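Everything numeric here is computed off the predicted structure, so don't read it as measured data.
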Amino acid sequence: MSTKQKRILIGIIAALALITAMVVMILFNRVAMNPEGTIGNTAGNLNNSGLFCEYNGNVYFSNTFDGGSLYAMSTAETDIRRLNTLQVQNILAGGKYLYYFQTGSTSTTGFGQVQGMKSFDRCDLNGKGTTALTKDVVVAGQLVDNYLYLLTSTNAGPSFYKVKIDNTDKTALTSTAINPACAQDGIIYYNGTETDHYLYALNTDGDTVSEVWAGNLWYPVLSGDYVYYMDVANNYRLCRYSLSQNVVEVLTNDRVDCFNVGNGFIYYQKNGNAPQLICMRTDGTNAFVLAEGNYTDINMTSQYVYFRAFDDEITTYHSSIGSNTYTSFTAAFDAIPVK
């Protein structure tokens, strides 16, 4: 083989090696798409800051005992491990990734209040490989199939847009404040915020909007045939609306601050001079007081309900679904070694 032929062969080998390295790098950095029908978290959790998210036998959560850091554990609260030290909320899970709004050491105080180093991030299920998708202040976000639907706060007001999970195809949808928390079967259900509080449906296959029901509601949560909501016109009492029967049922006449629905139960915070955290069946029966006082951030998994006192940002309490007793969840971290 001549010297010229050897140089050509070396050049070909080098070029093939470079192409192979580039292909490997592209494949390594490619974002895996989600299974069809993926929804990032329940509406009830996201309406309560999205501090807990159950996915494939694990619960991902913001550990208030550790400054809001991202943790994971089994649904039975075993195998507790820290994933990162970011202060997180609006936790979503789907496919191979977690998504969350990391707030750092400051808080989001509404539209026009942009402060601190914040970002909406994607990471692997083990907490590694964190990528910032946007620096916008995310008020509410939901994952539907392979798109994130984000309501963000800007100095000019609200902005609602979608972006693909690989951070491409960002599409502005409206400057209206749409809360995307309630999603099922590719449809986002939300209440109006401008001229009315009707129930609307945003079909994510084309992003078309239709009116579902001319009610007067806030924080819709879809469960089965029913939409659970706070009745704006009647002192924010808790009701449910049957999509098939077009019938409204009043579940309680208490003024409700926040609520969550799951596993056949409703948990809600009763407002008033004697505030209480109350549990009842989803038809409004068998109500009982779980805790006296003012509680917030009611999150649910398949086995537990989690909540915290309104004036305590550190202690999180938990109770088995349907139980009439509760204990400190964060107290367990004194005894359990965190991985």
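- Annotation: F307 is in aromatic contact with Y326 [ring centroid separation under 6.0 Å].
- To the nearest 0.5 Å, atom NE2 of residue H318 and atom OG1 of residue T301 are 10.5 Å apart.
- L143 and V163 fall within a single hydrophobic cluster, where Ile, Leu, Val, Met, Phe, Trp and Tyr side chains are chained together by heavy-atom contacts under 4.5 Å.
- Between the NZ atom in K270 and the CG atom in N294 there is a gap of 12.0 Å [rounded to 0.5 Å].
- The distance between the ring centers of F329 and Y317 does not fall below 6.0 angstrom.
- Put simply, the side chain of D136 never gets that close to the backbone of V138: no donor and acceptor are under 3.5 Å apart.
- The closest donor-acceptor contact from the side chain of Q142 to the backbone of N41 lies under 3.5 Å.
- A salt bridge does not link D124 with K96: none of the charged nitrogens is closer than 4.0 Å to a carboxylate oxygen.
- Under the 6.0 Å distance and 45° angle rule, R281 counts as a cation-pi partner of F265.
- Paired with F52 under the rule ring pair (Phe, Tyr, Trp, His ring centres under 6.0 Å), one option of F61, Y60, Y71 passes, and it is F61.
- Looking only at side-chain heavy atoms (C-beta outward), L148 and Y99 come within less than 4.5 Å of each other.
- With a 4.5 Å cut-off on side-chain heavy atoms, R308 and E313 count as touching.
- The two atoms that bring C258 and T296 nearest to each other are SG-CA, 4.2 Å, heavy atoms only.
- You'll find the side chain of Y149 reaches within 4.5 Å of the side chain of D207, heavy atoms only.
- Screening residues 230-248 for salt bridge (Lys or Arg N to Asp or Glu O under 4.0 Å), with sequence neighbours left out, gives D231-R237, R240-E249.
- Annotation: side chain to side chain donor-acceptor pair (under 3.5 Å) contacts involving residues 209-224, sequence neighbours excluded, comprise H197-N216.
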